Amino acid sequence: MRKISTVKELTEIKQAFTDKRQNSQNIRVIVGMGTCGISAGATPVWETIRDAAEKAGMDNVSVLPAGCIGMCTYEPIVEVKEPGKQTVTYIHVDAKKAAEIFEKHIKGGNPIPEYTIGGSMSGLEDIDFYKKQKRVALRNCGVVNPEDITEYIYKDGYFGLAKVLLEMTPAEVIDLVKASGLRGRGGAGFSTGMKWSFAAPNQADQKYIICNADEGDPGAFMDRAVLEGDPHAVLEAMAIGGYAIGATKGFIYVRAEYPVAVQRLNIAIAQAKELGLLGEKLLGTDFNFDIEIRLGAGAFVCGEETALIASIEGYRGMSRNKPPFPANKGLWGKPTCINNVETLANVAQIILNGAEWFKGFGTEKSPGTKVFALGGKINNTGLVEVPMGTTLREVIYDIGGGCPGGKKFKAVQTGGPSGGCITTENLDTPIDFDNLVAIGSMMGSGGMIVMDEDNCMIDIARFFLDFTVDESCGKCTPCREGTKRMHEILDRITSGEGSEEDLTTLKDLAENIKSTSLCGLGQTAPNPVLSTMNHFEDEYIAHVKDKKCPAGVCKSLINYEISMKCRGCTLCSRSCPAQAISGKVKEQHTIDQSTCLKCGICMNVCKFDAIIKK
Amino acid sequence: MSNQCNCGGIIKENDPRFAELKGFIDSLVGTKGKTMPVLQEAQKIFGFLPIEVQKFIANELEIPLSEVYGVSTFYSQFNLEPKGIHKISVCLGTACYVKGSQAVLDKLADELEVEVGETTADGVFTLEATRCLGCCGLAPVMMIDDEVYGKLEDISVIPEIIEKYYNQRLPK
């Protein structure tokens with residue numbers, strides 16, 4: 001393809017694609033092929049429909065991949081779009097169903113209602129999961145084919161870059177982003193416009209813009225969804241940022257665990273270069289901008305700015321003291337701006353629609369939307385994007401559908417290993433950066449893990465500490481040694497050997513680590529412990545004083561017993577791996593506590609609910 | 001495929017794979033910060049990073065071996081020991097953990113008679129615990145090579161899955 005050098009040519013591409021789509025009699029079959037879709041088996045589904053269409057000689061059927069639609073519970077998802085008809089969305093599709101969908105619907109023209117949501121033929125937009133959502137960062141995810149740049153241009157892609165390069169000065173771009181109030185979605189919530197304004201005035205022969213795609217919070221996967229579903233949005237925003245701060249080179253530092261994202265980014269970069277939207281003299285101006293991908297190698301700390309820079313430079317990913325801030329001395333000592341994926345995904349929209357439009361969503365101090373990854377004990381797991389200011393209750397109950405199995409909601413953990421848990425009493429808090437901090441947690445990158453009555457909060461705190469102990473880079477002592485000691489104490493408590501004194505030590509350690517660690521990882525590592533101690537003190541006391549785990553999780557503190565309900569069917573004694581259950585047929589059985597492994601198999605197999613956990 | 005080498009770590013000086021690695025290093029002329037990409041490529045070629053390979057990289061990049069070793073030991077994805085033919089990774093991310101992935105890991109350790117991080121004596125399986133694999137909707141999840149197995153709440157299906165891989169233990 002010819003390089004684009006004017007807005008007119010960009011408009012022509014958009015127009016040509018619009019015409020093609022409007023006049024086309026083609027049936028478009030869209031298969032959700034983000035990592036979740038692929039894991040759930042989308043590839044054979046895609047192949048089945050593609051092969052069937054080919055075999056039937058139906059060249060009016062195009063089978064297209066799309067990124068994450070956000071509704072993980074329903075994957076694999078297939079949408080059939082026939083011209084002039086309502087889109088039909090099929091869920092939980094496998095190869096067999098795909099073949100049937102092809103025969104009956106695509107070929108035969110008769111949709112199959114029983115494979116749609118609730119058998120009701122309702123589209124994704126009709127269900128509660130989507131009703132309260134507002135998609136800005138995820139606007140194209142699951143909608144466009146991420147491997148085709150013309151689809152992105154059709155959705156106004158690269159028009160933001162064109163506007164910036166041809167109509168605005170760098171200072172105007174920064175002012176606009178500042179005015180929009182966009183704050184970094186990676187965790188800290190720092191103003192993006194301010195960040196750009198720090199790097200812009202620094203004189204240097206080279207400046208850099210880095211996209212931080214080292215998404216490491218366990219339970220957060222919105223950045224992956226954006227990279228897989230709408231990679232061009234990130235590239236365009238990086239070029240806009242580059243123009244604003246005067247950088248001609250960009251790096252995307254992405255986790256090696258995201259192979260699909262890397263592949264789509266590579267395709268996107270190659271396509272953008274071919275059209276002259278990356279490379280030299282973008283859109284016929286004198287602005288050059290190029291992007292290189294660098295892979296991480298499994299180190300959580302590299303999400304921290306200075307550690308990330310060290311990693312790209314080829315060193316151990318260890319953080320350093322700030323100042324100097326990266327905006328002054330960053331990658332290879334040059335002024336560098338680092339922005340998170342989701343933050344960047346908002347930028348082109350702000351340029352095109354203006355600061356006031358963006359401020360139309362969200363709260364005064366946190367405008368816009370935020371993507372959350374809903375997971376854990378919740379009915380509708382998936383990615384949701386809601387305006388800031390939506391309450392936690394709306395997200396967990398209206399969108400997420402509450403806890404499965406009628407279990408009681410206990411807490412929601414936000415902010416991953418740096419955040420804290422939020423309990424029922426704060427569920428009506430409108431979510432934004434400042435409110436979450438005020439109730440003892442934080443936004444983080446947007447992971448939202450729901451826990452129910454069956455989760456032990458000390459076990460959860462220990463799990464997060466286990467994570468930070470592993471991921472501490474080891475440079476500063478409070479983080480390296482302190483988190484380890486905290487972990488040991490939590491280990492003791494969950495194995496029934498904790499004392500009340502341990503709780504005091506734990507709190508002291510936590511406060512010290514928070515105030516003396518070098519970087520964000522250590523400064524926030526004690527949060528899960530402090531927050532669970534704050535909200536669930538009774539559980540901690542039950543563990544150390546009564547030697548009981550109220551949630552029945554900590555193995556050393558629970559016993560399985562057989563109640564009067566036992567009919568003597570012998571199923572449990574036959575299933576017990578330790579032969580710890582004895583009893584005669586048709587008589588109540590008993591468990592020998594000294595040999596019981598507390599694996600819980602007996603409880604799972606019992607048909608009479610006779611096994612109780614104490 | 002070369003990355004399935006399980007020779008026990010003795011790599012000879014005249015191994016042709018060094019030439020392949022050298023070709024990659026030469027292709028990076030003018031690139032800054034080569035260490036990570038070179039180590040990643042080396043691991044792709046050799047399957048792991050024995051000291052001989054690290055020495056070679058240090059020489060080629062003209063940096064001290066200590067620096068190369070520092071990097072290769074810092075990041076969890078770099079392996080200094082050879083790995084089994086099939087890699088089983090159990091996700092211990094938050095979502096999987098609260099849904100019981102520890103039981104999945106315990107079951108595998110039990111079945112394979114290895115500890116986490118170890119390779120079975122026959123060199124077929126390496127068992128690893130991993131951070132969030134990003135498919136929290138399918139929790140609890142394990143991954144064997146590139147294949148994801150989700151919703152493993154019922155751990156009794158695990159032996160059967162392993163069996164399938166054991167039967168195809170020979171490199172393709």
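A, B, ... follow the sequence lines: proteins, then strands. Residue 1 opens every chain. Small disclaimer: the values here were computed from a predicted structure and weren't measured.
Proximity to chain B is absent for every atom of A:Val553, based on heavy atoms less than 4.5 angstrom apart. In this structure, no portion of A:Cys68 lies under 4.5 Å from any heavy atom of chain B. Looking at A:Leu295, the atoms closer than 4.5 Å to chain B (heavy atoms on both sides) sit in the backbone and in the side chain alike. The parts of A:Glu257 that come within reach of chain B are both its backbone and its side chain, each placing non-hydrogen atoms under 4.5 angstrom from that chain. Looking at A:Phe464, the atoms closer than 4.5 Å to chain B (heavy atoms on both sides) all sit in the side chain, from C-beta outward. Contact of A:Ile38 with chain B is not made at all, since no heavy-atom distance falls under 4.5 Å.
Interatomic distance, A:Ile449 CD1 to B:Tyr97 OH, rounded to the nearest 0.5 Å: 13.5 Å. Interatomic distance, B:Lys99 NZ to A:Asn455 CG, rounded to the nearest 0.5 Å: 10.5 Å.
Ranked by heavy-atom pairs under 4.5 Å with chain B, the list A:Ser311, A:Cys456, A:Gly416, A:Ala40 is led by A:Ser311. Chain B forms more heavy-atom pairs under 4.5 Å with one residue of A:Gly314, A:Gly317, A:Ala299 than with any other, namely A:Gly317. The choice from A:Asp459, A:Ile312, A:Ile460, A:Asn604 that makes the most heavy-atom pairs within less than 4.5 Å of chain B is A:Asp459. Interface check for chain B: of the options A:Gly298, A:Ala373, A:Cys302, the most heavy-atom pairs under 4.5 Å are formed by A:Gly298.
Inspection of non-hydrogen atoms places B:Thr31, B:Lys32, B:Gly33, B:Thr35 of residues 23-35 of chain B under 4.5 Å from chain A. Contact residues of residues 68-77 of chain B toward chain A are B:Gly70, B:Val71, B:Thr73, B:Phe74, B:Tyr75, B:Ser76, B:Gln77 (heavy-atom distance under 4.5 Å).
Within a 6.0 Å radius of CD in A:Gln206, other residues, nucleotides and ligands contribute more than 12 heavy atoms.
In this structure, A:Pro218 and B:Gly93 approach most closely via the heavy-atom pair CB-CA, 4.0 Å. Considering all non-hydrogen atoms of both residues, A:Ala297 and B:Gln40 come closest at CB-NE2, 4.1 Å.
Considering only heavy atoms from C-beta on, A:Phe463 stays 4.5 Å or farther from B:Gln102 through its side chain.
Contacts of A:Arg294 classified as salt bridge (Lys or Arg N to Asp or Glu O under 4.0 Å), with partners at least two apart in sequence or in another chain: A:Glu292. Not counting sequence neighbours, the partners of B:Pro64 by the side chain to side chain contact (heavy atoms under 4.5 Å, CB included) test are B:Ser66, B:Glu67.
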